[in-house]
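Below: one structure, written as structure tokens.
Lettering follows sequence order; numbering is per chain, from 1.
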2 protein chains.
Amino acid sequence: MSSVVAINQRARSADQKALRRHAVLEAAETYFLEVGYEAFSMSKLAKKIGLAKGTFYLYFQTREELFLTLYEQSLIRWSQVFIDGLSDSMTSEAYAQKLFSSASADGTFLPLLIRLEHMIEHNVAIPRLISSKQVFIKQVKAIAEATSISLSLSEAQAIEVVKTMGVLLIGATQGDQGPSLDHEELPEDVQNLIASFSSEPLFIKNAVRIIEGIRMEAVANI
Amino acid sequence: MSSVVAINQRARSADQKALRRHAVLEAAETYFLEVGYEAFSMSKLAKKIGLAKGTFYLYFQTREELFLTLYEQSLIRWSQVFIDGLSDSMTSEAYAQKLFSSASADGTFLPLLIRLEHMIEHNVAIPRLISSKQVFIKQVKAIAEATSISLSLSEAQAIEVVKTMGVLLIGATQGDQGPSLDHEELPEDVQNLIASFSSEPLFIKNAVRIIEGIRMEAVANI
DNA sequence: CTATATAGCTGACCGACGGTCATTTCAATC
DNA sequence: GATTGAAATGACCGTCGGTCAGCTATATAG
């Protein structure tokens with residue numbers, strides 16, 4: 001138990017500080033999964049963990065930097081799950097299905113991805129932002145490599161696919177982020193609208209169109 | 001000048017109230033274009049117009065309802081501009097280009113569209129939300145009609161195109177919403193990343209892929 | 001023309017937020 | 001056991017969206 005930092009102890013060595021930072025992140029993610037982005041309060045998180053609010057700000061400069069770090073973690077985690085789920089010679093539909101289901105299964109990843117550019121990246125210091133972009137680049141490369149094999153595409157095509165899937169994922173899951181209207185009485189036209197924006201088929205259909213489009217461009221260029 | 005409501009006068013008739021509401025919206029949009037979503041403060045807007053903060057809340061229940069109304073207006077405005085810009089027998093690329101440039105030209109539309117589901121629609125009363133969705137449906141229909149002619153597609157295909165263009169637009173313009181890094185020194189890999197997510201080519205390339213995909217699905221089903 | 005009633009308008013006030021920093025307290029070192 | 005430096009603290013700050021009892025401009029009645 002020597003390396004564990006009890007809640008009332010101080011983290012003095014670099015190791016102990018890393019542990020504490022990790023503990024804060026873990027608690028933050030649990031809390032985030034409970035209440036979501038908008039209701040996430042630093043003061044309440046502090047009370048939950050039993051640390052003073054000021055202590056957080058020793059480990060993260062801003063609330064958004066905390067979110068950026070959670071995003072980074074969830075990106076890395078999801079990438080691994082997705083890559084592990086790929087196999088050789090998949091159809092583009094099966095590929096898109098895997099991508100969507102693995103991303104949806106992670107309760108942190110999508111809500112943070114969707115808010116990344118217009119909320120989180122503001123109020124984060126530039127060097128931290130740069131390092132985050134570099135993590136992103138690394139993950140795109142790793143996913144593209146696996147994609148190249150799974151979909152029998154060139155490396156360049158695979159990178160194009162991966163980037164575009166990200167764009168599409170953000171757009172297609174937008175509807176899932178609205179307020180829950182499950183228990184509301186809605187007119188039929190609105191119900192139909194919502195149904196027609198169901199994120200999973202929306203994503204998969206268009207992912208297939210895009211992947212096939214990219215495939216055909218290569219053939220046309222021979 | 002009888003119907004104009006001076007700033008110190010009271011809006012008593014329905015006409016005058018509508019005028020005042022309109023004046024508030026106009027001032028709000030001007031202010032929004034100045035400072036953007038995050039820095040938009042009801043108190044500051046009040047001072048700008050010379051009305052008390054409480055007065056806003058007679059015309060809009062919440063800050064988000066004000067944004068929802070601005071969004072609605074900008075959607076209607078953009079739809080008209082876009083439809084007017086379409087002509088018969090366009091290539092899918094020309095179509096996508098028109099869509100992107102008209103949407104980008106409206107400083108209000110995209111920033112609000114991107115925040116619609118996960119920020120604005122929360123904190124708006126359900127009936128207001130429903131009426132907003134119905135405005136959306138109406139606009140989609142109008143755009144689809146014009147699209148059907150321009151791209152020589154069936155009505156059903158055109159609706160599919162329009163809905164999907166919306167999804168793609170949100171995803172592709174995400175990068176434009178990040179903090180400005182123009183005057184920052186960035187490592188080359190990050191610069192390349194940002195360049196490769198340039199929203200205009202990103203949108204147009206994939207719009208073409210999707211439109212052509214939709215076209216081909218119809219041929220395949222004959 | 002004045003008195004009354006109605007309702008548009010006001011802004012001090014509320015609780016909660018993210019963030020700060022002078023002070024306290026713990027633990028490693030001498 | 002004394003010293004010291006840094007980790008931890010939480011009262012405090014300015015600002016936010018939102019409220020509502022009181023104020024007053026205006027339409028109407030007499």
Check: In whole angstrom, what separates A/Q16's CD from C/dA27's C1'?
Finding: 10 Å
Check: So with a 6.0 Å cut-off around CD of B/E155, is the heavy-atom count from everything else above 12?
Finding: yes
Item checked: Residue B/A52, side-chain atoms from C-beta onward, closest of C/dC9, C/dT10, C/dG19 -> C/dT10
Notebook entry, point to check: Heavy atom of residues 112-129 of chain A under 4.0 Å from DNA chain D: which residues?
Noted result: none
Notebook entry, point to check: Should we say atom CD of A/Q191 is surrounded by more than 12 heavy atoms from elsewhere, each under 6.0 Å from it?
Noted result: yes
Next item on the list: Report the distance from atom CG of B/D15 to atom C1' of D/dA27, rounded to the nearest whole Å.
Entry: 16 Å
Margin query: Is there a side-chain contact between A/Y59 and A/L25 in this structure, where contact means two heavy atoms from C-beta onward sitting under 4.5 Å apart?
Written below: no
Note to self: With heavy-atom distances below 4.5 Å as the criterion, would you say the side chains of B/I194 and B/V190 are in contact?
What the structure shows: yes
Notebook entry, point to check: Taking CG from B/L51 and P from D/dC23, how many angstroms apart are they, rounded to a whole number?
Noted result: 21 Å
Margin query: Rounded to the nearest 0.5 Å, what separates atom CG in B/L112 from atom CE in B/M119?
Written below: 10.5 Å
Checklist line | Separation of atom CD1 in B/I49 from atom C1' in C/dG8, rounded to whole Å | finding: 16 Å
Check: When only distance counts, do a donor and an acceptor, one from the side chain of A/K53 and one from the base of C/dG18, lie under 3.5 Å apart?
Finding: yes
Notebook entry, point to check: Under the side chain to side chain donor-acceptor pair (under 3.5 Å) test, which residues partner A/T147, sequence neighbours left out?
Noted result: A/Y95
Checklist line | B/K47 NZ to D/dT15 C1', straight-line distance once rounded to whole Å | finding: 11 Å
Next item on the list: Just grab all the salt bridge (charged side-chain N to carboxylate O under 4.0 Å, His left out) pairs involving residues 122-133 of chain A, residues at least two apart or on different chains.
Entry: A/E65-A/R128, A/E72-A/R128, A/E117-A/K133, A/E121-A/K133
Listing time: all N or O pairs from protein to nucleotides 1-5 of chain D that are below 3.5 Å?
from  : atom 1 : to    : atom 2 : distance (Å)
D/dG5 : N2     : A/R12 : NH1    : 3.0

Check: Mind checking what makes side chain to side chain donor-acceptor pair (under 3.5 Å) contact with A/E200, not counting sequence neighbours?
Finding: A/Q97
Item checked: From B/L70 atom CG to B/I120 atom CD1, the distance as rounded to the nearest 0.5 Å -> 8.5 Å
Next item on the list: Would you mind reading off the distance between B/Q9 atom CD and C/dA7 atom C1', rounded to a whole angstrom?
Entry: 16 Å
Notebook entry, point to check: Can you tell me how far the NZ atom of B/K53 sits from the CE atom of B/M42, to the nearest 0.5 Å?
Noted result: 8.5 Å
Checklist line | Whole-Å distance separating the CG atom of A/L58 from the C1' atom of C/dT25 | finding: 14 Å
Check: Among residues 29-45 of chain A, which contact DNA chain C at a heavy-atom distance under 4.0 Å?
Finding: A/F40, A/S41, A/M42, A/S43, A/K44
Margin query: Taking 4.0 Å as the cut-off, does a side-chain nitrogen or oxygen of A/R20 come that near to OP1 or OP2 on D/dA7?
Written below: no
Note to self: Does B/Y59 reach a base, just sugar-phosphate, or nothing at all? Heavy atoms under 4.0 Å.
What the structure shows: sugar-phosphate
Check: Pairs in or reaching into residues 74-86 of chain A: which pass salt bridge (charged side-chain N to carboxylate O under 4.0 Å, His left out), with residues at least two apart or in two chains?
Finding: A/E29-A/R77, A/R77-A/D106
Notebook entry, point to check: Does anything in residues 63-71 of chain A reach DNA chain C, meaning a heavy atom under 4.0 Å, and if so which residues?
Noted result: A/R63, A/E64
Notebook entry, point to check: Looking at NZ of B/K205 and CD1 of A/I210, how far apart are the two atoms once the value is rounded to the nearest 0.5 Å?
Noted result: 10.5 Å
Under 3.5 Å, N/O pairs linking protein and nucleotides 21-23 of chain C:
none

Checklist line | Separation between OG1 of B/T164 and CD1 of B/I214, rounded to the nearest 0.5 Å | finding: 4.5 Å
Check: Partners of A/E184 by side-chain contact (heavy atoms from CB on, under 4.5 Å), sequence neighbours excluded?
Finding: A/L181, A/L186, B/I126
Notebook entry, point to check: Residues two or more places apart in sequence or in another chain: which of them pass side chain to side chain donor-acceptor pair (under 3.5 Å) with B/E34?
Noted result: B/K48
Note to self: In this structure, how many angstroms lie between the P atom of C/dC9 and the CZ atom of B/R21, rounded?
What the structure shows: 14 Å
Next item on the list: Could you list the residues that satisfy side chain to side chain donor-acceptor pair (under 3.5 Å) with B/R115, not counting sequence neighbours?
Entry: B/E38
Item checked: Mutual orientation of the aromatic rings belonging to B/F40 and B/F32 [parallel < 30°, tilted 30-60°, perpendicular > 60°] -> tilted
